[in-house]
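Written below as structure tokens is the structure these notes are about.
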Amino acid sequence: AQSVTQLDSHVSVSEGTPVLLRCNYSSSYSPSLFWYVQHPNKGLQLLLKYTSAATLVKGINGFEAEFKKSETSFHLTKPSAHMSDAAEYFCVVSEWDGGATNKLIFGTGTLLAVQP
Amino acid sequence: EAEVAQSPRYKITEKSQAVAFWCDPISGHATLYWYRQILGQGPELLVQFQDESVVDDSQLPKDRFSAERLKGVDSTLKIQPAELGDSAMYLCASSLRTGGLQELFFGEGSRLTVL
């Protein structure tokens with residue numbers, strides 16, 4: 001079975017400083033990996049996804065993530081945090097059997113706080 | 001911009017009562033998902049539909065939960081009877097089709113509180 005582990009439940013940064021949200025995955029084969037963001041009282045929104053075409057994936061709002069197979073990691077980064085980045089972030093792996101069933105396995109989330 | 005619509009946004013009920021949640025996916029999306037998100041945890045899949053057919057309900061507590069998507073468009077998730085442990089956010093999502101790289105579009109959720 002596939003799984004993801006988000007190493008930090010809370011991260012606090014100052015506005016304008018870099019953001020690093022850590023995620024490790026467990027998969028028996030080449031995984032499909034995603035980062036989703038959830039703002040308060042809003043639905044989840046896709047930030048980026050790993051498609052195996054490139055190990056460095058660029059997403060929306062200046063976020064990017066690097067797939068490192070040797071470290072089984074898919075950490076999310078952003079060079080400079082903005083107040084609007086304050087939200088909960090979920091690392092996700094897709095458990096797709098190649099057929100009709102596509103189950104997303106979510107991590108427990110990392111709550112990002114951005115201080116002025 | 002097309003969105004996934006869910007209602008009600010908030011529901012408070014007493015245990016042993018029946019509750020129902022409704023979801024209208026993005027037009028043309030064949031795949032619909034219901035997820036449950038308990039406070040402090042990530043969402044967990046309850047049921048997945050492909051058009052009107054259930055393709056995965058392995059995590060759905062079938063003794064009290066039911067879900068349907070009769071015409072392959074909107075969907076209803078029902079709980080009867082509700083228990084205290086059912087307090088959670090119920091999220092509906094849709095995707096154009098199934099597949100490992102499909103982007104899921106989520107609604108804003110229905111928050112259930114069972115007293």
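Please read all numbers here as calculations on a predicted model, not as lab measurements. Sequence lines set the chain letters: A, B, ... in the order given, protein chains first and strands last, and positions in each chain run from 1.
Looking at B:Phe49, there are no atoms closer than 4.5 Å to chain A (heavy atoms on both sides), in backbone or side chain. When heavy atoms are compared at a cutoff of 4.5 Å, A:Lys42 approaches chain B by way of both its backbone and its side chain. Of the atoms belonging to A:Gln38, it is side-chain heavy atoms, and not backbone ones, that fall under 4.5 Å from chain B.
A:Ile105 and A:Trp35 fall within the same hydrophobic cluster, defined by Ile, Leu, Val, Met, Phe, Trp and Tyr side-chain heavy atoms under 4.5 Å apart, directly or through other members. Taking hydrophobic clusters as Ile, Leu, Val, Met, Phe, Trp and Tyr residues chained together by side-chain heavy-atom distances below 4.5 Å, B:Leu39 does not share a cluster with B:Val114. A:Tyr50 and A:Leu46 fall into different hydrophobic clusters, where Ile, Leu, Val, Met, Phe, Trp and Tyr residues are linked whenever their side-chain heavy atoms come under 4.5 Å apart, directly or through other members. The same ILVMFWY cluster, assembled from side-chain heavy atoms under 4.5 Å apart, contains both A:Val19 and A:Val11. In terms of hydrophobic clustering, with Ile, Leu, Val, Met, Phe, Trp and Tyr side chains grouped at heavy-atom distances under 4.5 Å, A:Val37 and B:Met89 are assigned to different clusters.
Taking B:Glu103, B:Arg9, B:Glu44, B:Arg111 one by one and counting their heavy-atom pairs under 4.5 Å with chain A, the maximum is reached by B:Glu103.
Between B:Leu45 and A:Leu104, the closest side-chain pair of non-hydrogen atoms is not below 4.5 Å. Looking only at side-chain heavy atoms (C-beta outward), A:Tyr36 and B:Pro43 stay at 4.5 Å or farther from each other.
Counting non-hydrogen atoms of neighbouring residues, nucleotides and ligands closer than 6.0 angstrom, the CG atom of B:Leu115 exceeds 12 such neighbours.
Checking B:Phe106, B:Tyr35, B:Phe105 one by one against A:Leu44, the side-chain contact (heavy atoms from CB on, under 4.5 Å) holds for a single residue, B:Phe106.
Contact record, A:Phe90 with B:Gln37: CZ-NE2, 3.3 Å, taken as the closest heavy-atom pair.
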